[in-house]
Student: 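Quick one: the structure is below, and I'll ask about it shortly.
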Amino acid sequence: MDIRQWIELNQKLLIELTRNITKKYNNDDLIQSVMEQLLKQEDKFNLIPDEKKKYFVIRVLSNNFNSKTSRYHYENRKGFNETLPLDDDIYNTPQEDEPEYPTIDCVHKQLDGMTWFERDIFLLWMELGSLKAVSRKTKIPHNSVGRYIKKVKIKLNKQWNNQF
């Protein structure tokens with residue numbers, strides 16, 4: 001049986017399954033995400049015996065809903081917290097008593113007081129945006145680059161906290 005036929009025949013079952021898995025979350029997004037995944041892998045789905053397709057779909061639904069690395073999680077659940085009420089002040093203009101945050105110029109001034117190696121690694125990290133890119137460019141192991149950057153961040157935080 002083709003995947004499209006199976007979905008049409010089992011549409012009510014899919015809705016019921018997602019309601020059971022998601023409880024109070026919106027289940028339409030989960031169904032859509034899983035169906036897109038299954039349609040992309042139609043050949044693999046068609047190889048599954050008909051009696052096991054239901055269990056396979058249940059497993060995929062459950063994995064997508066519970067996994068923090070699934071596409072569904074990143075698109076629909078990341079940062080979502082139903083227990084917190086919406087803040088009515090999110091559209092208000094900022095108040096004058098908000099804390100100051102370091103600017104790039106301030107960071108550069110503080111980096112000038114560090115060793116040349118710490119400064120250069122940190123500036124390279126700021127420019128390239130990732131530890132892996134710095135590691136590839138400098139041929140320094142990834143973990144070492146991470147340690148150096150962490151040390152510089154700690155020093156910058158201490159200097160910033162002492163300044164204010």
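The analysis underlying the following values was restricted to heavy atoms, covering all of them including side chains, and did not include hydrogens, waters or symmetry mates. In this chain, residues are counted from 1 in sequence order.
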Student: With clusters defined by side-chain heavy atoms of hydrophobic residues (ILVMFWY) lying less than 4.5 Å apart, directly or transitively, does Ile7 cluster with Tyr55?
Tutor: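 Yes, because Tyr55 and Ile7 connect within a single hydrophobic cluster, where side-chain heavy atoms sit under 4.5 Å apart.
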Student: Does Leu128 form a side-chain contact (heavy atoms from CB on, under 4.5 Å) with Lys137? I'd like the steps, not just the answer.
Tutor: CA-CA 9 Å; Leu128 298 176; Lys137 188 160 187 156; 3.9 Å; yes
Student: Rounded to the nearest 0.5 Å, what's the gap from CD1 on Ile149 to CG on Leu156? Could you check?
Tutor: 11.5 Å
Student: Taking only residues two or more places apart in sequence, or in another chain, which ones meet Arg136 in a side-chain hydrogen bond (donor to acceptor under 3.5 Å, both in side chains)?
Tutor: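 In terms of side-chain hydrogen bond (donor to acceptor under 3.5 Å, both in side chains), with neighbours along the sequence ignored, Arg136 is linked to no residue.
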Student: Go through it in stages, so that I can follow the logic: the residues are Val152 and Arg119, the test is side-chain contact (heavy atoms from CB on, under 4.5 Å), and I'd like the CA-CA distance, side-chain angles, deciding distance and then a yes or no.
Tutor: CA-CA 8 Å; Val152 173; Arg119 183 187 66 242; over 6 Å; no
Student: Transitively linked via ILVMFWY side-chain contacts under 4.5 Å: Leu123 with Trp116?
Tutor: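 Same cluster.
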Student: Should the pair Asp50-Lys53 be classified as a salt bridge under the 4.0 Å nitrogen-to-oxygen rule?
Tutor: yes
Student: Going from CZ on Phe56 to CG on Leu38, what distance comes out if it is rounded to the nearest 0.5 angstrom?
Tutor: 6.0 Å
Student: For the pair Ser67 (side chain) and Asn64 (backbone), establish whether a donor and an acceptor sit closer than 3.5 Å, ignoring hydrogens and angles.
Tutor: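 No; judged by distance alone, with no hydrogens or angles, the pair does not exist.
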Student: Step by step, work out the side-chain contact (heavy atoms from CB on, under 4.5 Å) result for Leu111 and Phe122.
Tutor: CA-CA 8 Å; Leu111 284 174; Phe122 194 78; 3.7 Å; yes
Student: Tell me the side-chain hydrogen bond (donor to acceptor under 3.5 Å, both in side chains) pairs involving residues 142-153, sequence neighbours left out?
Tutor: Ser144-Arg147
Student: Is the shortest heavy-atom distance from the side chain of Arg4 to the side chain of Leu39 under 4.5 Å?
Tutor: yes
Student: What pair of heavy atoms forms the shortest contact from Asn46 to Ile3, and how long is it?
Tutor: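 Looks like OD1-N, 3.4 Å.
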Student: Let's go through Gln41 and Gln37 carefully: what are the C-alpha distance in whole Å and the side-chain angles of both, what is the deciding distance for side-chain hydrogen bond (donor to acceptor under 3.5 Å, both in side chains) to 0.1 Å, and is it a yes or a no?
Tutor: CA-CA 6 Å; Gln41 298 180 352; Gln37 289 176 18; over 6 Å; no
Student: Which value, rounded to the nearest 0.5 Å, describes the distance between Ile58 atom CD1 and Leu17 atom CG?
Tutor: 4.5 Å
Student: Distance from Asn10 atom CG to Glu16 atom CD, nearest 0.5 Å?
Tutor: 11.5 Å
Student: Would you indicate whether Phe117, at its atom CZ, is surrounded by more than 12 heavy atoms from other residues, nucleotides or ligands within a distance under 6.0 Å?
Tutor: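 Yes, enclosed.
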Student: For residues Ser135 and Pro141, report the shortest heavy-atom separation together with the two atoms involved.
Tutor: OG-C, 3.7 Å
Student: Can you measure from CG (Asn63) to CG (Asn66) and round to the nearest 0.5 angstrom?
Tutor: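 Taking CG in Asn63 and CG in Asn66, the distance rounds to 7.5 Å.
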Student: What is the minimum heavy-atom distance between Glu118 and Lys155, and which atoms define it?
Tutor: OE2-NZ, 2.8 Å
Student: Can you establish whether the number of heavy atoms outside Glu36 located under 6.0 Å from its atom CD is more than 12?
Tutor: yes
Student: Which atom pair, heavy atoms only, marks the closest approach of Ala133 to Ser130?
Tutor: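 Minimum heavy-atom separation between Ala133 and Ser130: N-OG, 3.1 Å.
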Student: Quick one: pull up CD1 in Ile121 and CE in Met114 and give me the separation to the nearest 0.5 Å.
Tutor: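 So the gap between those two atoms works out to 13.5 Å.
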Student: Taking all atoms of both residues into account, what is the closest heavy-atom pair of Ile31 and Leu14, and its distance?
Tutor: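 Answer, listing the atom of Ile31 first, then Leu14: CD1-O, 4.1 Å.
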Student: Going hydrophobic residue to hydrophobic residue with side-chain gaps under 4.5 angstrom, can you get from Leu47 over to Trp6?
Tutor: no
Student: Output, in order, the C-alpha distance, side-chain angles, deciding distance and verdict of side-chain contact (heavy atoms from CB on, under 4.5 Å) for Phe65 and Val34.
Tutor: CA-CA 10 Å; Phe65 183 74; Val34 168; over 6 Å; no
